[in-house]
Amino acid sequence: MSKVELYAAIRRDHRAGMTMRELERRHNVSWRTVKKAVDSVWPEPRKKPPPRPTALDPYKPVIDEMLRTDLDAPRKQRHTIKRIFHRLIEEHGAEVSYPMVRRYVADRKPEILTASGKAPMEAFVPQTHLPGHEAEVDFGDVTVRLAGELVTCYLFSLRLSYSGKAVHRVFASCGQEAFFEGHVHALRTLGGVPRSKIRYDNLKSAVAQVLGLSRARVETDRWIAFRSHFTIESFYCRPGIDGAHEKGGVEGMIGYFRRNHFTPVPEVDSLAELNEMVDQWDLHDGHRRIGSRPRTVDEYFAIEQPLLLPLPQEPFETGRLFTPRVDRYSQITVRTNRYSVPTRLIGKRVRVVLHASHLVVYDKNVEVARHERLIAKGGCRLDLDHYLEALIRKPGAFPGATALEQARSAGRFTPVHDAWWAQARKVHGERDGTRALIEVLLLNRHLAHEHVVAGLAAALRAGALTADAVALEARKAAQAEDEPTTGGSIPAVAGQPPATVTSLHAWRLAHLPPDTRPLPSVTPYDQLLRSRRTSDSDHREGEAQ
């Protein structure tokens with residue numbers, strides 16, 4: 001039993017009501033271990049050595065060829081494990097052990113038999129599922145036209161066995177991050193966790209090793225912690241196509257969902273937009289009847305939902321943590337793809353949390369970058385804003401910068417930017433005009449992108465080719481959007497004189513708030529004068545007497 005499994009067992013017994021002392025005796029551990037297991041699903045991290053290659057790796061294709069030859073050979077003249085072992089030594093000079101060959105043949109032979117289609121036929125037994133007890137999970141690939149490009153994405157599906165209620169989510173990959181996030185979304189949507197078990201394939205996100213032909217599995221540590229957090233009981237189907245019928249409900253659900261909602265191929269701008277559509281499709285599918293059932297999916301789900309186990313209150317971090325070092329190009333490498341970070345971090349190690357659809361970069365717990373996750377391998381995603389401090393010192397590198405081309409493709413660097421930049425270079429020269437544009441791009445850190453573009457357009461019409469003029473016009477556009485217009489200036493149209501750029505002092509004077517104070521009055525001073533006249537007359541009468 002690994003340490004993660006030990007923690008999961010202690011947490012399960014603790015939830016069952018066992019005291020700390022009973023947990024110590026049952027699991028033969030100290031009270032410190034029990035306290036750590038109760039407080040956290042994760043044990044203390046421990047460095048693991050990388051896996052080493054085996055001496056059998058070069059000869060695995062040879063063994064596979066022998067097993068494939070046996071498919072058409074007479075039954076009594078097929079290779080035994082001992083014969084395969086002797087042939088490897090005599091014909092290929094292999095230095096391998098007999099148990100090594102035996103283990104590989106035991107795992108590989110059923111796979112080759114299944115792939116050839118010569119596996120024996122099996123009978124299928126109908127099953128009855130209790131409400132709130134079982135569910136099935138699987139991934140299916142779907143083709144989507146994403147931002148004009150045809151790409152392959154992965155559809156996560158979790159289906160309750162009793163009601164047939166299913167929740168779907170589309171991800172760019174079917175890795176462990178997508179596997180966890182799909183579970184979290186589905187369980188929150190359903191409002192609980194199945195009481196008995198959830199059926200799975202032997203996917204790498206959950207299973208580290210399949211132990212022979214039995215149901216025993218070596219699970220990944222993160223998956224054990226995730227199951228312990230949500231109190232999920234896993235059930236693994238048999239490897240290969242033989243085990244597909246053991247979770248036929250979700251297999252058929254993915255096919256139905258793909259045929260009815262992904263035909264024709266949907267065209268979207270982002271996966272977020274596609275998942276909003278998927279949520280609506282799930283709601284619509286709740287009104288249908290499965291087969292010859294007398295009631296709809298939602299009607300059966302109304303019976304099943306109160307029987308689900310409640311969800312835990314504390315969240316679980318589904319993202320995977322990386323700590324790459326920033327190279328001299330101000331980039332980090334995560335899963336064969338490169339992403340940009342601010343240039344001030346060059347040479348430092350940063351913390352990256354990789355999610356299914358995006359990644360977040362942190363420097364000392366402060367978020368410094370956020371990127372949409374790349375789908376293909378070997379890609380590069382650069383943010384032009386991350387390089388502005390370096391480009392202000394090296395303006396000659398700006399025209400050919402890769403980040404500039406990506407900003408153009410994404411629509412962040414518009415034709416208005418190009419037109420203003422061209423005029424600025426004519427007036428100020430190549431170097432100073434480019435620096436002026438970079439100063440304008442720095443305004444995006446404090447002002448909205450659309451306001452900066454509006455400021456560039458107004459400054460270009462007025463012939464104002466400085467960053468200060470663009471900043472002034474951008475702030476005017478922002479204030480005009482925030483404040484309601486009361487018969488103010490009318491936007492310029494074709495045939496009218498172009499707009500002009502005023503000084504900041506004059507603009508502030510023109511936009512002073514209305515003065516609501518009352519007019520000054522001298523009435524209090526008149527009262528003082530009357531009291532003084534009375535006192536003077538009394539003084540004169542006293543002198544006369």
Side-chain angles (χ1 to χ4, degrees), residues 147-149 269 326-334 336-348 350 359 361 368-376 378-475 477 498-499 501:
E149 183 180 357
D269 295 329
V326 183
D327 62 15
R328 61 180 180 175
Y329 296 101
S330 192
Q331 298 173 15
I332 55 175
T333 302
V334 180
T336 73
N337 291 320
R338 290 176 290 123
Y339 303 89
S340 66
V341 297
T343 54
R344 69 176 185 275
L345 301 176
I346 291 177
K348 296 183 179 180
V350 294
L359 62 89
V361 185
V368 294
R370 181 182 291 264
H371 292 279
E372 184 180 350
R373 182 171 176 174
L374 291 167
I375 298 178
C380 181
R381 190 179 296 281
L382 307 180
D383 190 344
L384 182 59
D385 183 75
H386 294 159
Y387 295 91
L388 295 180
E389 285 82 1
L391 290 171
I392 202 74
R393 299 191 303 269
K394 299 179 178 180
F398 184 80
T402 306
L404 175 61
E405 294 303 318
Q406 292 193 6
R408 279 199 180 99
S409 301
R412 299 290 297 177
F413 196 88
T414 63
V416 178
H417 287 83
D418 279 316
W420 193 91
W421 184 21
Q423 293 297 324
R425 284 182 293 177
K426 287 182 181 180
V427 175
H428 304 297
E430 192 75 23
R431 183 189 63 181
D432 294 338
T434 302
R435 280 181 175 169
L437 176 66
I438 296 172
E439 292 176 356
V440 170
L441 295 176
L442 286 169
L443 296 174
N444 288 304
R445 298 181 180 180
H446 311 287
L447 299 171
H449 173 72
E450 57 273 13
H451 297 156
V452 175
V453 174
L456 277 170
L460 182 63
R461 291 194 300 267
L465 303 175
T466 62
D468 293 339
V470 176
L472 176 61
E473 293 297 322
R475 292 190 180 97
V501 177

Exercise. For the pair Arg381 (side chain) and Glu372 (backbone), establish whether a donor and an acceptor sit closer than 3.5 Å, ignoring hydrogens and angles.
Key: yes
Exercise. Please report the closest heavy-atom contact between Arg431 and Pro395, naming both atoms and the distance.
Key: CG-CG, 3.6 Å
Quiz item: Checking Tyr339 side chain against Arg373 main chain: does a donor-acceptor pair fall under 3.5 Å?
Solution: no
Self-check item: Taking every non-hydrogen atom, the tightest pair across Gly433 and Trp421
Solution: O-CD1, 4.0 Å
Exercise. Would you check if the side chain of Arg412 reaches a backbone N or O of Asp383 as a donor-acceptor pair within less than 3.5 Å?
Key: no
Practice problem: To the nearest 0.5 angstrom, please state how far the CG atom of Leu382 sits from the CG atom of Leu404. | Solution: 11.0 Å
Exercise. Please report the closest heavy-atom contact between Trp420 and Ala459, naming both atoms and the distance.
Key: NE1-CB, 4.0 Å
Exercise. Give the C-alpha distance, both sets of side-chain angles, the deciding distance and a yes or no for side-chain contact (heavy atoms from CB on, under 4.5 Å) between Phe398 and Arg435.
Key: CA-CA 9 Å; Phe398 184 80; Arg435 280 181 175 169; over 6 Å; no
Practice problem: Determine the sole option in Leu442, Leu447, Leu441 for which the side chain to side chain contact (heavy atoms under 4.5 Å, CB included) test with Asn444 is passed. | Solution: Leu441
Self-check item: Within 6.0 Å of CZ in Arg328, more than 12 heavy atoms from elsewhere
Solution: no
Practice problem: Mark yes or no for whether Ser330, through its side chain, and Val341, through its backbone, hold a donor-acceptor pair below 3.5 Å. | Solution: yes
Practice problem: Quick one: pull up CG in Leu456 and CG in Leu443 and give me the separation to the nearest 0.5 Å. | Solution: 8.5 Å
Self-check item: From CD (Gln406) to CZ (Phe413), nearest 0.5 Å
Solution: 14.0 Å
Quiz item: Can you tell me how far the CZ atom of Arg408 sits from the CG atom of Leu384, to the nearest 0.5 Å?
Solution: 9.5 Å
Quiz item: To the nearest 0.5 Å, what is the distance between CG (Leu388) and CG (Asp385)?
Solution: 5.0 Å
Practice problem: Could you pull out the closest heavy-atom pair between Leu460 and Gln423, with the gap in Å? | Solution: CD1-CG, 3.7 Å
Self-check item: For the student: nearest non-hydrogen atoms of Ser340 and His371, plus distance
Solution: O-NE2, 2.7 Å
Exercise. Under the side-chain contact (heavy atoms from CB on, under 4.5 Å) rule, what do His386 and Thr343 come out as? Steps first, then yes or no, please.
Key: CA-CA 6 Å; His386 294 159; Thr343 54; 5.7 Å; no
Self-check item: Separation between CD of Glu439 and OG1 of Thr466, rounded to the nearest 0.5 Å
Solution: 9.0 Å
Quiz item: Is the backbone N or O of Ala147 less than 3.5 Å from a side-chain atom of Asp269, with the two atoms forming a donor-acceptor pair by type?
Solution: no
